[in-house]
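Here the structure is laid out as structure tokens; the discussion comes afterwards.
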Protein chains: 4
Amino acid sequence: MDEQQWIANLLKENDRDAKLTEKQIKILQAAVETFAEKGYASTSTSEIAKKAGVAEGTIFRHYKTKKDLLLAIVIPTLTKVIVPTVAKEFAKDVFENQYESYEDFLRALIKNRYHFIKKNLPLVRIFWQEFAFHPEIKEEFQKAFTENVYQRFKEMVEQFQEKGEIVELPTASIIRMTITTIGGFFLTRFVIMPEHEWDDEVEIERTIQFLMNGLRKR
Amino acid sequence: MDEQQWIANLLKENDRDAKLTEKQIKILQAAVETFAEKGYASTSTSEIAKKAGVAEGTIFRHYKTKKDLLLAIVIPTLTKVIVPTVAKEFAKDVFENQYESYEDFLRALIKNRYHFIKKNLPLVRIFWQEFAFHPEIKEEFQKAFTENVYQRFKEMVEQFQEKGEIVELPTASIIRMTITTIGGFFLTRFVIMPEHEWDDEVEIERTIQFLMNGLRKR
Amino acid sequence: MDEQQWIANLLKENDRDAKLTEKQIKILQAAVETFAEKGYASTSTSEIAKKAGVAEGTIFRHYKTKKDLLLAIVIPTLTKVIVPTVAKEFAKDVFENQYESYEDFLRALIKNRYHFIKKNLPLVRIFWQEFAFHPEIKEEFQKAFTENVYQRFKEMVEQFQEKGEIVELPTASIIRMTITTIGGFFLTRFVIMPEHEWDDEVEIERTIQFLMNGLRKR
Amino acid sequence: MDEQQWIANLLKENDRDAKLTEKQIKILQAAVETFAEKGYASTSTSEIAKKAGVAEGTIFRHYKTKKDLLLAIVIPTLTKVIVPTVAKEFAKDVFENQYESYEDFLRALIKNRYHFIKKNLPLVRIFWQEFAFHPEIKEEFQKAFTENVYQRFKEMVEQFQEKGEIVELPTASIIRMTITTIGGFFLTRFVIMPEHEWDDEVEIERTIQFLMNGLRKR
DNA sequence: CATGAATGAGTCTTCATTCAT
DNA sequence: GATGAATGAAGACTCATTCAT
């Protein structure tokens, strides 16, 4: 029920309408699980149906095609999760605070994303895997990123460049390095070596220090 | 012809035997191209056959199953390309030199990998995409990495830690940061924003400086 | 409303009972339209429902199966339209007049049918198309034709054979020639070349003359 | 074998190439049979496969879609059967003879078509049924008719109008009446009342007389 | 060695029909 | 009466794989 709730909330079209049926939720859950595990192309609709405990036809009553089902999972993960989470909770959490240093900002950012990824690992995996093969997803992502994240990120960077805390490289490079360093940590942590025993607290702090050393003005 | 040569050399079982017939080469080329573009699961053997200009049955004469064909592409890309290329050319190029500084080593490493990826982008993409879904690949990769790359990398790091050039973090962390930073650059450069206009020379140097700043002992 | 009325009157079970609800009428209209355009087998009930603006289930409340819906359209088109229309209006119009000549009878017949077909083209098309595949329809038609039309037609023919106007061929042959000639005209006119510019008055008269020349005693 | 031969000859793309496999012939036969009996839309490919004694996949190796299979049956029936049969054998038989009278021409025409239809009844039924729903068929037919039949028919009619044998109506009307009268006979004979006991010789002669009476100049 | 026709299990999708609300 | 979510059997079509030539 609890488990059902969050995925339902996450994926329904918007918070007002959208009474997802119980079956719809089960379908989405089963799809997320299976897509994440085997990939979109290798997952059959009959398998999803079986796992969801519904008839195969039921899937197609709600999602006209298999691809619609994928997009129904991935697009909200972007527009609802990256965008508003970023824009509302996350941004409140991250951007709209007044940080005393870029380091503090980094710490907030990395912790926020850490918890988000940990919670939504299957969704993130699906997004990551299918990103390359579905132009719709790629476009949606770039739009979401450009419109919502990039601008705020830029302002943040410039603010601390002006304060003389971080180096005067082009903003784009700084953003890229920040993101890839953090992304690289998450990738190693959650995708490549998830079974390794991680001391997450330490590793996060280490990553922050590394980043700060790399970016600090001196 | 030239094009054919390198992929033939790259993929044939080992440098001695292995007279790949013309058809085999065409099959491998077609497979690499198509797997990279659409993903393994979404590629049909008949499509490969058509693109390679051979009969459908011919593929199965050389590769018992479709998966065999994938592995015939990916495993050598690891064992021949990561391993011996690393061990012979690359390692000659990278590890077996005497570097005056970690920075020089980084520069050699990043440039070597840059050219390799640029040349083998489709192969890298396939590896990257299928990595998650095929345990064989994952294992083979981890074996290759652990046995060949990790140990040499570690020695290199320790050498410059002793010299007092780089910081005394755990070797594993330093390796991870080095690799993810470089990997992050390549990912952005070749996968996420390949169409962006890059000044590669500048960007590489920037990445090196960032890494060095992050790792330098102070 | 007007449009609704005639199809309602045409199709309701019989003139007394049969208060077809508004929804029923809409279903029938949608079904007629779609069956005529795409054929019975290629029409889905959901399509009809959508076109009629009712829920899918509603159709099955009124017609147990899809085939029932077809028969609800076709059978009245026969029993109400061929039979009573023939027997009452048409027959009043056609058979029960005293014609001075077979030619006058033909003229009345062809004009009456011309207007009927023009008005009911979709119904006629459905009947025509499905005739071959549904024994019920075939039987119903043959019954209706034999019981109601053939006998009266025969009397008409014999009457003018006795008067010496038309030739002494077997009645069946004369009826067949009359019907196929007229039918052939309608077929060309409404099915094969509907978009051709027809001068119907002239063409009808020409058909009558042709028939009379073919049948006239000399 | 014999049975197989004619349908193979009839349907293969052209007399030279076209080695239809045994299986292909079986598929075509099964398809013709079933389409004729139940209509295209109501026939399933699995049914055809079963009847043909092949795997369902085999059908799609030869005909990319179910509709392709239909067209592979119907179009040759037009272009090979209407056209060249008309243009070569039939036309030799019918048009290129020197007829002494329109009546002789009619007799040749009707007998030729009588045998053709009798032999190819299923094909004719399919054509007739699907004509209305598939624009491709309609267009192909109109092309075939206009290009091959109409012109020759017209010359024939005009020739006998000049000789004063037949009436001076517009050629189009005369052709239409000729065709619909003959068509009407065939329709009644083969479609509407095939089980009736027909004395075909007599009925054909009667039809000719009727037509001639209708068209004779007087 | 290479071919390509043949296979049949499996894929996504549609559809007539049912039934709880 | 009307709805529309749910069903599952059936539909068209795909595909990896085999095998006779």
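Throughout, protein chains are lettered first and strands after them, A, B, ... in sequence-line order, and every chain is numbered starting at 1. Just so it is clear, the values below take in all heavy atoms, side chains as well, and ignore hydrogens, waters and symmetry mates.
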task = Scan for salt bridge (Lys or Arg N to Asp or Glu O under 4.0 Å) pairs involving residues 57-75 of chain D, sequence neighbours excluded, and state none if there are none.
result = B/Glu56-D/Arg61, D/Lys67-D/Glu136
ask   = For residues 40-52 of chain C, which residue pairs qualify under salt bridge (Lys or Arg N to Asp or Glu O under 4.0 Å), counting only residues two or more places apart or in two chains?
value = C/Glu33-C/Lys51, C/Lys38-C/Glu47
message = Please confirm whether the shortest side-chain N or O distance from B/Lys64 to OP1 or OP2 of F/dA16 is below 4.0 Å.
response =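 Checking B/Lys64 against F/dA16: no side-chain N or O falls below 4.0 Å of OP1 or OP2.
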Spacing between [X] atom [atom1] and [N] atom [atom2], to the nearest angstrom:
{"X": "A/Lys23", "N": "F/dG4", "atom1": "NZ", "atom2": "P", "result": "18 Å"}
{"X": "C/Lys50", "N": "F/dG4", "atom1": "NZ", "atom2": "C1'", "result": "13 Å"}
{"X": "D/Ile48", "N": "F/dC13", "atom1": "CD1", "atom2": "P", "result": "11 Å"}
{"X": "D/His62", "N": "F/dC13", "atom1": "NE2", "atom2": "P", "result": "16 Å"}

Output side-chain donor-acceptor pairs under 3.5 Å for residues 125-132 of chain D, partner residues at least two apart or in another chain, one line each.
from     : atom 1 : to       : atom 2 : distance (Å)
D/Glu130 : OE1    : D/His134 : NE2    : 3.1
D/Glu130 : OE2    : D/Tyr40  : N      : 3.1

ask   = Start at the 5' end of DNA chain E and walk down; is the nucleotide closest to C/Arg61 or to D/Gly53 reached first?
value = D/Gly53
Base-pairing string, 5' to 3', of DNA chain E - Watson-Crick or wobble, under 3.5 Å, | interstrand = .||||||||||||||||||||
query = Considering only the P atoms, how many Å lie between F/dT21 and E/dC1, rounded to the nearest integer?
reply =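 Going atom to atom, P in each nucleotide, I get 22 Å.
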request  = Give the minimum heavy-atom separation between C/Ala30 and C/Ile48, together with the two atoms involved.
outcome  =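 Scanning both residues completely, I find the closest heavy atoms to be CB-O, 3.7 Å.
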request  = Considering non-hydrogen atoms only, spot the tightest contact between B/Thr45 and B/Phe60 and give its length.
outcome  =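 Smallest heavy-atom distance, with atoms named: CG2-CZ, 3.8 Å.
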query = chain B on DNA chain E: first and last contacting nucleotide, 5' to 3', under 4.0 Å to a heavy atom?
reply =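 Taking any atom under 4.0 Å from a heavy atom of chain B, the span is E/dC1 to E/dG4.
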ask   = Under the side chain to side chain contact (heavy atoms under 4.5 Å, CB included) test, which residues partner C/Lys23, sequence neighbours left out?
value = C/Thr21, C/Val54
inquiry  = My understanding is that only residues two or more places apart in sequence, or in another chain, count here; which of them pass side chain to side chain contact (heavy atoms under 4.5 Å, CB included) with D/Glu140?
reply    = D/Ile75, D/Leu78, D/Thr79, D/Lys143
message = Once side chain to side chain donor-acceptor pair (under 3.5 Å) is applied, do any residues pair with C/Ser46, and if so which ones, sequence neighbours excluded?
response =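 Counting only residues at least two positions away or on another chain, C/Ser46 forms a side chain to side chain donor-acceptor pair (under 3.5 Å) with C/Ser44.
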Scan nucleotides 9-12 of chain F against the protein and return all N/O pairs shorter than 3.5 Å with their distances rounded to 0.1 Å.
from   : atom 1 : to      : atom 2 : distance (Å)
F/dA12 : OP1    : D/Thr43 : O      : 3.3
F/dA12 : OP1    : D/Lys66 : NZ     : 2.9
F/dA12 : OP2    : D/Thr45 : N      : 2.7
F/dA12 : OP2    : D/Thr45 : OG1    : 3.0

Is there side-chain contact between [X] and [Y], with at least one heavy-atom pair below 4.5 Å?
{"X": "D/Tyr63", "Y": "D/Leu71", "result": "no"}
{"X": "D/Leu69", "Y": "D/Leu28", "result": "yes"}
{"X": "C/Phe141", "Y": "C/Val74", "result": "no"}

